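Everything numeric here is computed off the predicted structure, so don't read it as measured data.
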Amino acid sequence: MDEIANLKLLKKAEWLRPGKFLASSSWVLMVLVLILAVVPLMTSSRTTLNLWTEIYILGVFAMSYDILLGYTGIVSFGHALFFGTGAYMTGIIIKNTGPTLSNLLLAVVGTIFLAVVISLIIGYLSLRVKDVYYAMITLAFAELFFISAEKWRSVTNGADGFSFQVPAFLQDRYVFYYGILAFLVLVVLLLRRFIDSPVGRVLQAIRENEKRAEFLGYDVLKFKLISTVVAGVVASLAGIAWALQQRFVSTGVMAVDKTIDALLMTTIGGAGTLYGALLGSGLTTLAKHRLGDLAKIHPIFERWYIIFGLLYIMIVLFFPGGIIGTWKRIWNKKIT
Amino acid sequence: MDIFMNLTLSGLSTGMMIFLLASGLSLIFGLMGVLNFAHGSIFMWGAYSGVWIYFRTQSFIMAILVGMIMGMALGWLAERTIIRRVYGRHIDQILITTGLMLVLNEVLKAVFGPNIIAVQIPPLLAGSWELGGIIIVKYRVFTIFVGLVVAAAVHLILTRTRVGMIVRAGVQNQEMVQVLGINIRQVFSLVFMFGAGLAALGGVMMAPAIGSINPNMGLENQMLAFIVVVIGGMGSILGSALASVLVGLAGVYTAWFLPEAALAVNVLFMTVVLLIKPSGLFGMGGGRNS
Amino acid sequence: MILQLSHVQTFIEQFHILQDVTFEVPEGEVTVILGRNGAGKTTTLRTIMGLTPPAKGSVQFRGEQLNGLPPYAIARKGIGFVPEDQGIFSDLTVEENLSLAMRKKDGATKTRLQFVLDIFPDLESKLRQKSDSLSGGQKQMLAIGRALITDNHLLLIDEPSKGLAPILVEKLAQAIREIKKHTTVVLVEQNFALASAVGERYVIIDDGHTVREGKMSQLLQDRELLGRYLGITANPKSGKVV
Amino acid sequence: MIESIIRTQELTIRFGGHTAVDHVSLDIAPHTFTSIIGPNGAGKTTFLNLLSGLLLSSSGQILFKDQDVTKLPAHRRVRLGMGRSFQITNVFPNLTVLENVRLAVQAKAGVHYQLLHHHRKYSEFIDKAIALLETVYLCGKSEQPASSLAHGDKRKLELAIILALEPEVLLLDEPTAGMAVEEVPAILDLLTRLKADSRTILLVEHKIDMVMSLSDVVVVLANGKLLAKGEPQQIMENEQVQAAYLGGVFQ
C-alpha cells in the first residue's frame with residue numbers, strides 16, 4: 001500500500017520536475033499565455049501595457065541571443081546590429097513611404113533579407129577564428145554599424161533619431177498588445193522547434209564538444225552559420241517590433257549596450273534554457289522601470305545597472321545555469 | 001605638405017596613446033590568455049580620476065600619478081577577486097570581464113556623473129611651435145614622447161629584468177616556470193596590475209588630447225586597442241607599438257579624406273589580418289581554431 | 001630515505017593513472033623508474049612535483065609532506081625537474097634559461113653554474129644564443145643543467161635519452177654519474193641500456209601500480225621480470241640487445 | 001578490387017624543426033585488425049591524427065579506398081567512412097548518453113540541415129541508438145548525462161558513438177587508456193566482437209598482450225619512422241623492434 005503511494009508521489013514529482021515539465025508539454029506556455037492574455041483586462045494604463053510589450057520584445061531579442069550563447073556556445077558582441085537593422089529598416093521605410101500595412105510588410109521582408117545577408121557575411125568572416133577573436137570581430141562590426149547610423153544623418157538623423165507614425169491598426173493599444181504577445185508566442189514555438197530539430201541538436205553538440213561533433217561528420221562551420229542566421233533574423237524581427245512600439249528610432253538600437261542587455265538577460269535568467277532569456281527580460285525591464293522611478297528619491301537609483309552587473313558576475317562565477325538552470329538543478333537534486 | 005606633417009604627428013600621437021592601452025591588453029593576453037573586456041573601463045577610470053585630481057591640484061604630474069595608481073589598484077582588485085577564478089576558461093573570461101566592464105562603468109558614472117567633462121591641456125604643454133610653416137602642437141609631441149618612453153621602458157623591463165624574463169618564459173610554458181620555483185600567480189597579479197596602470201596612463205594622456213572625457217570613451221578606445229593587439233600579435237610589445245602607429249596613422253589619414261571611414265578601415269584591416277595571419281603581423285602562436 | 005611515496009593515486013581528469021604507487025628513494029643513489037609505455041612513469045614524476053597532485057596517498061620528501069603544495073613550493077624545497085619535453089624556453093637565450101633557475105646569486109650558485117658548464121661544455125659557447133638554435137642534445141643538456149643551478153637535493157629526470165643519438169646517450173650517462181656525486185637522482189628511462197648503466201636501484205610501474213623495486217644488479221639477473229614488464233622481450237634471445 | 005583500404009605514401013609532418021611522422025608509407029588491408037605500437041613519442045597518435053584529418057600533413061599522401069583524402073577536412077573523411085576514437089575521452093558531457101549516440105546515428109543517416117522537424121520524428125534513430133547502447137552494455141544509463149558516467153563507461157560510450165557511424169575503418173586511439181584494471185576486459189571483449197565482424201580496425205595501443213592477442217598485423221613506429229610491419233609473432237622476435245623499445249646497444 002505504502003509502496004503504491006510512494007510510486008504515485010514519485011510520479012507526481014516526476015511531473016513537477018522542471019526538465020520534464022518544460023519539455024514534455026506545451027501547457028506551461030499555454031498557462032503563461034493565458035495569464036499574459038488577461039493583463040489588458042486588469043489595466044488599461046498605456047504605461048503598464050507598454051512595459052509588458054517591452055518585456056516581450058526584449059525577451060524575443062534575448063532568446064535569439066540565447067541561440068548563440070546558450071545553444072551554440074559562442075559569445076557575440078554584435079547582436080545589436082541585427083536588432084538595429086530591423087528597427088532602422090522599419091522606421092526609415094515607414095517614415096519615407098507612409099504608415100501602411102503593405103509598407104510594414106515590405107520592411108519585414110527587407111529586414112529578413114538583410115539580416116540573412118549580414119549574418120552570413122559576418123559569420124563567414126569571423127566564425128573560423130577562436131572564440132575571443134569572434135567576440136572581437138563581432139564587436140568591431142557592431143561599432144561599424146553604430147557609427148554608420150550616427151554619421152549617415154540625412155537618413156537616420158544621427159544620435160537624435162527620428163520618430164514616425166505606425167500603421168493605424170497598430171495604434172490601438174490592445175491590438176498592439178495582443179499582436180506583440182502573438183509575436184512572442186510564435187517566436188517561442190518556432191525557436192523551441194528549432195532547438196529540438198536535428199540542426200538544433202547538432203548545435204548543442206557543438207557547444208558541448210566541437211571536435212567530437214566534427215568527427216561525427218558534421219560540418220561545424222555550416223551549423224554555426226545556420227545558428228547565426230536564425231539568431232540574426234529573430235533579433236531583427238525583435239528590432240521591428242521595438243521600432244513599432246517606440247515609434248522612434250535612434251542610434252541607441254545599434255549600441256553595444258543593447259547586446260550587453262541581451263547577454264545580461266540571458267545569463268541571469270539562464271543561458272541554454274530559452275525561457276530564461278524571457279525571465280531575464282522581465283526582471284531587467286521591471287527593475288529598470290521600478291528602480292528608475294526611484295531615481296527621483298536619490299540619483300543613485302539611476303545606476304541600478306550596478307546591481308545587475310554584480311548579480312551577473314555572481315551568476316557567471318557560481319550559478320552557471322542562471323535562475324532557471326539553478327532551479328532545475330535544485331529540483332532534480334530534491335527528487336533523486 | 002604641412003597638412004601631411006600635421007596628420008602624421010596627430011596620427012603618431014593618437015597611436016601612442018592607443019599603445020598605452022594596447023600594450024597592457026596584449027601582455028595580459030599573451031601571458032595569461034585573458035582577453036580583458038574591462039580594460040577600456042580601467043582606461044576610463046584613469047582618465048576620470050586623473051582629471052579629478054588635476055582640477056583640484058592643477059598639477060598634471062599628480063594627475064598622471066593618481067590616475068595610474070587608481071588603474072593599478074583596480075587591476076589588482078579585479079585580478080584578485082574575479083579574474084583568477086576563470087583562468088583557462090575562455091568563454092567565462094569574456095563573460096566575466098564584460099560584467100566587470102559594466103560594473104566599473106556604472107560605478108564611474110555614479111561617482112563622477114554621466115556627463116561630458118571638458119578638459120584643457122595643461123598650460124605648460126599647451127600651444128604649438130612653428131617650424132618652417134609647419135605647426136607642431138606641443139601636446140602631441142609630449143604624448144609621442146611619453147609613448148616612446150613607455151615602449152622603451154616596457155621593452156627594457158621585458159628583456160633586461162628578472163621579472164621580464166619570467167613573463168617571457170611564462171608566455172611560453174607556465175608549468176616549467178613553476179617547476180623552477182617561481183610563483184607564477186604572483187607574476188600574473190603583477191602583470192595584470194601593471195597592464196591596468198598603463199591603460200590608466202593612456203586615459204590620463206588621452207583626456208587633454210581630445211579635450212573632454214565621457215563615459216563612452218572606454219569602449220571606443222578599447223575597440224582600437226583590440227584591433228592593435230590583433231594586428232600586432234598577442235604578447236608582443238614591439239608588435240603592439242608598431243601596430244598602434246599603423247592604426248593611429250591609418251585613422252587620421254582616412255579621417256582626412258573620408259571621415260566616416262576611419263574606423264571601417266581599421267576594422268577591415270583587423271579582419272583581414274585575422275583571416276590571413278591569425279597570430280598577428282608580429283606575433284607568435286595561432287588564433288585559428290584547431 | 002630522501003623520498004617516500006606511499007599508496008599514491010593520481011587522476012588526470014577522470015583517468016585513473018596512478019592507482020597504487022609506493023616506493024622509496026635512498027639518498028645519494030640513482031633510482032630508475034621502469035615500465036612500459038603508458039604505465040604511469042611520467043605521471044609519477046609529475047605527481048611528486050605537484051603538477052598532477054595526488055588524490056590519495058602521501059608523498060614525503062626528507063620527512064616533510066608534499067601533498068597539497070603548489071609546484072613552485074615543492075621546487076623550493078629542493079627538487080629539480082627535467083620534463084620529458086625538456087621545457088626549454090625557446091624564446092630566451094641559454095643564459096636566460098639558466099639564470100631563470102637562480103633563486104639567489106651567491107657564490108654557491110656560481111660554483112654550481114661552473115659545474116654545469118664543466119659537465120656540459122657545449123653550453124658555454126652558446127650562452128648568448130637563443131636556445132631555439134640548440135640541437136636536441138644540447139637542449140637536453142640545458143634542461144638538466146638548469147635543474148642543477150639551484151641547490152637541489154633531488155633531481156627528477158624524465159626520459160633524457162629520448163630522441164638522442166647513441167653517442168649523446170653515452171655523454172648523458174657520464175653526466176648523470178657526475179651529478180649523482182652531489183644529488184640524488186630519480187630517472188624515468190625507457191632506454192634500458194642507459195638505465196642499467198647509471199641506476200643503482202629500480203622501481204617497476206605497470207598499469208599505475210608499483211610491482212617491484214630493488215637493486216639494479218638483481219634485476220639484470222631476472223630475465224623473466226625484464227620480459228614481463230619492460231616491453232616485448234618475451235624471447236630470451238634478446239639478451240644481446242642490452 | 002581494392003587491395004588496401006588505407007594507403008599512405010611518404011606521409012610526413014613537421015612541427016617546427018621536429019619531424020613527428022617521417023615519410024611513412026603504409027598499406028592497410030581491408031577487414032584486418034592492425035595495431036600500431038612504438039615507444040613514447042614515436043608518432044603513433046600523430047599518425048592517427050593525420051589519417052583522421054585532425055592534422056594536415058606537411059608532405060605525402062593519404063588514399064582511402066583509392067581516393068586522395070590528404071587535404072579533406074575531418075568531417076568529410078568521417079562521411080567517407082573513417083571513424084575515430086580519441087585517447088582522451090571525447091563525448092558530449094552535458095547531453096544524455098542516449099543523445100550522444102543518437103547524434104551519431106543522425107549524422108550517419110545524413111540528416112544534417114533539417115530545421116523544422118522535431119528530432120523525435122526520426123524515431124528510428126532513437127531505436128538504433130538504444131540498440132547500440134545495448135551492444136556496449138550501457139542501456140541502463142541512457143538517460144544520464146554523459147558526464148556522470150564512470151571513466152570506463154565513457155570509453156564504452158565513445159565506442160558506441162563510433163559504431164553508430166558505421167565506419168568502414170575504425171581508428172582507435174588507446175581505448176583502454178587510464179582505465180582501472182578491472183574495467184579493461186569489457187573493452188577487450190568489445191574489440192574482440194568488432195574483430196569478429198571483420199571490420200577494418202586500426203588500433204594504437206600500449207598494452208602489448210592486448211595487441212598480440214587481437215592483431216592480424218602489427219606496425220611499429222619509432223622516431224616517426226616506420227620500423228617494421230608484420231605478424232605479431234614476427235614483430236616480437238624482431239631485434240630492431242626490441243632495440244627500439246629497449247634503447248639500442250649501449251654499455
Side-chain angles (χ1 to χ4, degrees), chain A residues 69 73-77 122 124-137 139-144 146-148 150-152 207 210-211 214 220-221 255-257 259-261 263-264 267 271 299-318 320, chain B residues 29 33-37 81-82 85-86 89-111 113-114 216 219-220 222-227 229-230 234 259-275 278 286-290:
Chain A
L69 180 71
I74 49 186
V75 185
S76 163
F77 278 104
I122 296 180
Y124 195 77
L125 285 176
S126 57
L127 283 169
R128 297 149 190 277
V129 295
K130 276 187 188 165
D131 36 21
V132 284
Y133 296 99
Y134 178 79
M136 250 151 102
I137 295 190
L139 176 59
F141 274 101
E143 270 302 279
L144 273 188
F146 178 79
I147 287 176
S148 311
E150 203 171 32
K151 297 276 158 97
W152 198 8
R207 173 195 72 197
E210 196 172 323
K211 198 163 79 173
E214 198 176 349
V220 169
L221 181 66
V256 183
D257 309 15
T259 306
I260 292 178
D261 279 352
L263 172 65
L264 238 64
T267 316
I300 190 73
F301 288 109
E302 228 169 287
R303 306 267 76 86
W304 59 276
Y305 231 67
I306 297 174
I307 300 166
F308 271 79
L310 290 173
L311 181 66
Y312 162 87
I313 291 177
M314 290 303 186
I315 282 180
V316 175
L317 281 181
F318 305 113
Chain B
F29 191 91
V34 177
L35 185 63
N36 182 11
F37 275 83
T81 53
I82 291 173
R85 295 169 193 272
V86 289
R89 286 151 49 193
H90 283 280
I91 298 272
D92 283 349
Q93 283 166 4
I94 302 176
L95 298 180
I96 211 96
T97 52
T98 306
L100 202 58
M101 168 181 91
L102 211 74
V103 172
L104 284 177
N105 290 2
E106 288 301 314
V107 175
L108 181 107
K109 285 182 217 165
V111 173
N216 292 320
L219 196 64
E220 287 163 19
Q222 178 168 302
M223 193 61 247
L224 287 173
F226 281 166
I227 294 175
V229 168
V230 167
M234 301 276 181
E260 287 79 13
L263 182 70
V265 167
N266 280 324
V267 169
L268 270 179
F269 197 7
M270 168 176 91
T271 311
V272 170
V273 168
L274 264 182
L275 289 176
R288 206 172 265 271
N289 268 328
S290 55

Study note, to complete from the structure: Correct closest heavy-atom pair for A:V129 and B:L274 would be CG1-O, 4.1 Å
Practice item. List the steps, then state whether side chain to side chain contact (heavy atoms under 4.5 Å, CB included) holds for A:I137 with B:M270. Key: CA-CA 8 Å; A:I137 295 190; B:M270 168 176 91; 4.1 Å; yes
Practice item. Please tell me if the side chains of A:F77 and B:I94 come closer than 4.5 Å, counting only heavy atoms from C-beta onward. Key: yes
Practice item. Let me know if A:L263 has heavy atoms under 4.5 Å from chain B in its side chain, its backbone, both or neither. Key: side chain
Exercise for review: Against chain B, label A:L310 side chain, backbone, both or neither, depending on which of its atoms sit under 4.5 Å from a heavy atom there.
Suggested key: both
Exercise for review: State the CG-CZ distance between B:L108 and A:R303, to the nearest 0.5 angstrom.
Suggested key: 9.5 Å
Review point. Heavy-atom distance under 4.5 Å between the side chains of B:M101 and A:I260, does that happen here?
Key: yes
Point to revise | Shortest non-hydrogen contact from A:A135 toward B:F37 | key: CB-CZ, 3.9 Å
Revision key, fill the gap. Separation between CD (B:Q93) and CG (A:D131), nearest 0.5 Å, reads 9.0 Å
**Study point:** Per-residue contact mode, A:I315 against chain B (heavy atom under 4.5 angstrom)
**Key:** neither
Practice item. Using non-hydrogen atoms and a 4.5 Å limit, figure out which bit of A:Y124 sits close to chain B: side chain, backbone, both or neither. Key: neither
Point to revise | Proximity breakdown for B:L268 and chain A, heavy-atom pairs closer than 4.5 Å | key: neither
Check your understanding: Rounded to the nearest 0.5 Å, what separation is found between the CD1 atom of B:I96 and the CG atom of A:L317?
Key -> 3.5 Å
Point to revise | Separation between CG of B:L95 and OG1 of A:T267, rounded to the nearest 0.5 Å | key: 6.0 Å
Exercise for review: With a 4.5 Å cut-off on heavy-atom pairs, point out which of B:V267, B:T271, B:N216 contacts chain A the most.
Suggested key: B:V267
**Study point:** Portion of A:L69 that has a non-hydrogen atom of chain B nearer than 4.5 angstrom
**Key:** side chain
Practice item. Kindly indicate whether the side chain of B:L35, heavy atoms from C-beta on, has any atom under 4.5 Å from the side chain of A:Y133. Key: no
Check your understanding: Are any non-hydrogen side-chain atoms of B:V86 and A:V316 less than 4.5 angstrom apart?
Key -> no
Check your understanding: Would you say the side chain of B:F226 lies within less than 4.5 Å of the side chain of A:L139, judging by non-hydrogen atoms?
Key -> yes
**Study point:** A:E143 CD to B:L224 CG distance, which is reported to the nearest 0.5 Å
**Key:** 9.0 Å
**Study point:** A:V75 side chain reached by B:T98 side chain, heavy atoms, under 4.5 Å
**Key:** no
